[in-house]
Number of protein chains: 2
Amino acid sequence: MTPHIRIVVVPFTLDDRSLLVGLVPGMETPAFPGGPARPDEPLDSTARHLVRAATDRDEQYSEQLYTLNHPDRERWEIVVSYVALFRAGSLAAPKPPRLAWQDVRATTSLADVDRLILQYALIRLRAKLSYTNIAFHLMPETFTLSELQSAYETILEQVLDKRNFRRRMTASRILVQTNELRREGNHRPAALYRFAPDRDEPAYLTPPWVNAS
Amino acid sequence: MTPHIRIVVVPFTLDDRSLLVGLVPGMETPAFPGGPARPDEPLDSTARHLVRAATDRDEQYSEQLYTLNHPDRERWEIVVSYVALFRAGSLAAPKPPRLAWQDVRATTSLADVDRLILQYALIRLRAKLSYTNIAFHLMPETFTLSELQSAYETILEQVLDKRNFRRRMTASRILVQTNELRREGNHRPAALYRFAPDRDEPAYLTPPWVNAS
DNA sequence: TCAAAAGTGTTCCTTCTACACCCATGT
DNA sequence: ACATGGGTGTAGAAGGAACACTTTTGA
């Protein structure tokens, strides 16, 4: 019996106040995008290519989650799972075989393995919010502090204190303030910020190789 | 071309003031214990069995590290790496095909993949020391606080403040003091502690399934 | 002038850090 | 009595949590 290596990617993005996952509509049950590993390519690259093919957009960030054995349907499958993050906005590319994005709180009937992987992906995502800058990969190029706070609140499913949040963010020195303002609605305009790409997240619990073959 | 799934386990243990890794002596270069995945068994179990076979001892703890593609020697190999922790003491079981333990600071000529994996294993182990109780899996049943501190110092390769360390440990409520003392050497005997197995480490960044198939 | 979101400081409490001496024992 | 590691407290700094009002704008 020979194994099939299947790479599965859980695509996340934010929309308004929802955390969305991307699913391939599929036959019976929708499933996360994925495909076979290729002998000549690092798994991380294959994961990127697969998710790119499914979305027509470059993801901002991806990382490996976990690998599990999955003897399914007379077929020996090894599933290597990944998380991919996409910037908020500009999601839809409605050509037929593309992704359907849906709220994580209302994911309908996934296969067992996909549910497991989604569960773990959420744990990791939430945990990493607290000690990395991973949230920035879900934000558009420029954003207001309120939008950023809303992103944190959406993912963590809890409200945060405005002043403490802003202090924490500005203290971390990974924000740079552009000198544009966003004026919309009948209220004071908000300052726009950008992610300082140099001060990126620590290597904390991330492999040192980053795509060794 | 069909892939071969190889599970590789990095076995760690402590001895005196060294962090040791277990290597299979092997032909040209020594290598970490490992073997093929089995279709009918969760990868985590296979990893446990493999390391058990190589050491004749039960490991105290193991967790998956990372999976990488490794097209080597005309053979397509997917390497799923694990870390396993062994209690200090009672290492040697000198039957021929067993492990040779050596100091991590002086590991000789490993294969590229093994070096990579070892590097990452060390990063993970050190990181987890700070926010989990993983160190206890490297300790014998009962131990003194000085021994525990020495374990932390050995792994982190830095000295820690005695009073702060003891405060931190007792505050964490995962130590229970036995009412035995260890009397050795010409100095005051030390209190022996035991790990409180209930208050085990948080699920923090560890998959929720724990050995789903 | 009103509604709506942006923006801003202080106090308290907990946690981390640095640091030095006495205690119990064996020889 | 002395050498050896075991054991203990405190003060200052830093970081996190709680909390309410003023500002700027569009309608």
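So that the names make sense, note that chain A is the first sequence line, chain B the second, and so on, each numbered from 1.
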**OP:** Remember a base hit wins even if backbone is also touched, and classify B:Thr144 as base, sugar-phosphate or nothing at under 4.0 Å, heavy atoms.
**Re:** nothing
**OP:** Look at B:Ser146 and D:dG5 and indicate whether a side-chain polar atom (N or O) is within less than 4.0 Å of OP1 or OP2.
**Re:** no
Subject >> Length of the NZ-P vector between B:Lys162 and D:dT4, whole Å >> reply: 14 Å
Subject >> Atom-pair distance (CZ on B:Arg182; P on D:dG7), nearest Å >> reply: 11 Å
Original post:
Could you give the CZ-to-P distance, from A:Arg166 to D:dA17, as a whole number of Å?
Top reply: 17 Å
Original post:
Roughly, in whole Å, what's the span from CG in A:Asn164 to C1' in C:dC12?
Top reply: 12 Å
**OP:** Run the salt-bridge test on B:Arg182 and B:Glu147 with the 4.0 Å N-O cut-off and return the result as yes or no.
**Re:** yes
Subject >> Selection from D:dG7, C:dT25, D:dT24 that lies nearest to any side-chain heavy atom of A:Arg188 >> reply: D:dT24
Original post:
Taking the side chain of A:Pro189 as heavy atoms from C-beta outward, which of D:dA3, D:dT25, D:dG7 is closest to it?
Top reply: D:dT25
Subject >> Distance, rounded to the nearest Å, where B:Gln158 contributes CD and C:dA18 contributes C1' >> reply: 15 Å
Subject >> B:Thr170 (side chain) donor-acceptor with B:Arg166 (main chain) under 3.5 angstrom >> reply: yes
Original post:
Counting side-chain heavy atoms from C-beta on, which of D:dG9, D:dA20, C:dA6 comes nearest to A:His187?
Top reply: C:dA6
Original post:
For A:Arg168, which contact category applies under a 4.0 Å heavy-atom criterion: base, sugar-phosphate, or nothing?
Top reply: nothing
Original post:
Is it true that A:Phe165 and A:Tyr152 have ring centroids separated by less than 6.0 Å?
Top reply: yes
Original post:
Between atom CD1 of A:Ile78 and atom CG of A:Leu68, what is the distance when rounded to the nearest 0.5 Å?
Top reply: 8.5 Å
Subject >> Toward the 5' end of DNA chain C, by each residue's nearest nucleotide, A:Arg167 or A:Leu192 >> reply: A:Leu192
Subject >> Whole-Å gap separating P (C:dC21) and CZ (B:Arg163) >> reply: 10 Å
Original post:
Does the distance from a Lys or Arg side-chain N to an Asp or Glu carboxylate O, for B:Arg87 and B:Glu59, drop under 4.0 Å?
Top reply: no
Original post:
Rounded to whole angstrom units, what separation is found between the CE atom of B:Met169 and the C1' atom of C:dC16?
Top reply: 14 Å
**OP:** Rounded off to whole Å, could you give me the CG-to-C1' distance for the A:Asp161 and C:dA6 pair?
**Re:** 14 Å
